[in-house]
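A note on names: the letters A, B, ... follow the listed sequences, proteins ahead of strands, and every chain is numbered from 1. Below, each value reflects all heavy atoms present in this structure, side chains not excepted, and no hydrogens, waters or symmetry copies.
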Number of protein chains: 2
Amino acid sequence: MRASDKAYLRLRDEILHWRTPPGTVLAEVEQAQRLGISRTPIREAFSRLTAEGLLVPLAGRGLVVTELSRETIIDMFELRIALECEAARIAATNVERLSMTDEFENIHAELLNYENLIELGDELKSYYELVARLDAALDAAATNQFLLSAINQLRPHLARVRQLARDNKTRLVEAAREHLTIVEAIIAGDAELAADATSVHLKKSLNNILRSVDAAGGISKPLQGKGAA
Amino acid sequence: MRASDKAYLRLRDEILHWRTPPGTVLAEVEQAQRLGISRTPIREAFSRLTAEGLLVPLAGRGLVVTELSRETIIDMFELRIALECEAARIAATNVERLSMTDEFENIHAELLNYENLIELGDELKSYYELVARLDAALDAAATNQFLLSAINQLRPHLARVRQLARDNKTRLVEAAREHLTIVEAIIAGDAELAADATSVHLKKSLNNILRSVDAAGGISKPLQGKGAA
DNA sequence: AGCGGTACTTTTGTATACAAAGATTGGATC
DNA sequence: GATCCAATCTTTGTATACAAAAGTACCGCT
């Protein structure tokens, strides 16, 4: 793997997990020395992170990790809802033609399973893996490179926000039911239902995150412990 | 201006205006020599163009200008419709609070003017400038940095596609009316009407482009002459 | 004649030296 | 004491040399 890739992944991971919190200033030489590589691959990594919007140039002083506000999170979800509803719409339309019904049926069956098992802490990781599989299946069924690229552009920002909220058991059971509805709509080929169910799920997710933020008295640092994911 | 910026703008311009058509392979040393600068700023420019999706890496052979197909154009507009309808929705909601009603009223008045003047060739440039002003006003009223960033990501691709279509008088008059409807909906604060009017306009624009492409027997090279814009 | 391997060429990846631009701090002057 | 200017220092921007990796072509072998 290239040094620039390693630097990019590491810096991004540190930002996403709040080890380098918003407002932190990064300089080229400083990071080059810390990571034990030269400025060239660091510049490459910086430019990718800047293009993603995780860093913004600070005139003559290096790059700053983007701030995160309540409004920013709302804006993020506003775009996310538009994009993922569209993706769900397309997926529902294409699932049959792409012979992906089986894949969604499998996910559906496993979701039914996890709805009962979710209270067991051990199952949490598997549950998040299942949601990741659903996301991947949706991506595959969306078949629109531009839409996918826009969603992927948003993902790192969402990952950073996710660190702020802790999913409790109640919310997880609810989310599982919402996912079930989405999957069922896609299997049925009902595009508008898929879009609406996605909207419902995302708006409830947003509310859950905002509740966590407000309960913590604003955005300061991520929640600690195994609950966050 | 930095050498990397100059290189980026020039390379991008050449791609957008089909002087470097899809499929062209670009190498670092080659472009560095042509533009009279070193490889470092060229790499910077290449990485930005790659992030935008105008170039894709070709293993061990440099970077290749992204291909453009009929389906690609449809995908592009699918995303564009989702994004700009959302932007129009937000703009209609915010226009009053942002005190931007006057700006849209001005654009409205000028649109009414151009609807009559549009057949004069001299007015074409001014008309496109007016549409650009409308776009800018919409951006300002959208107030969602993530949504805007997604739209801006799409713009260069749309610019490249625009070179393929020639707007005839009939289409221009029609487009002016569609723009009028959008502006009126925003002034009225009617979010859903603004979104629907935007959808109408963009779907008709897409059809006009596809008609041009099909009439030319596929995507080969851009139309020549003053008509394209 | 086809296949495989090796050497060579081309291309990208990295390090580093140097240049330029901007910010900050110190001093001098009003 | 405040302000402006200048020198210095920090930081990014650019060029270039070198390393590594990948692709290609050629040659020998089967």
Output one letter per nucleotide in nucleotides 8-15 of chain C: B when a protein non-hydrogen atom lies under 4.0 Å from the base, S when only the sugar-phosphate is that close, - when neither is. ---SBBBB

My understanding is that only one of Val64(B), Leu63(B), Leu58(B) makes a side chain to side chain contact (heavy atoms under 4.5 Å, CB included) with Arg61(B); could you say which? Leu58(B)

Pairing residues for Asp214(A) by the side-chain contact (heavy atoms from CB on, under 4.5 Å) criterion, not counting sequence neighbours: Arg70(A)

Between Arg2(B) and Glu44(B), is the closest basic N to carboxylate O distance under 4.0 Å? no

Indicate whether any N or O donor in one side chain lies under 3.5 Å from an N or O acceptor in the other, for Thr72(B) and Ser69(B). yes

Rounded distance in Å - CD (Gln31(A)) to C1' (dT12(D)): 15 Å

Hey, is Arg10(A) close enough to Glu14(A) for a salt bridge, meaning N to O under 4.0 Å? yes

Rounded to whole Å, please give me the gap between CG in Leu55(A) and C1' in dT12(D). 15 Å

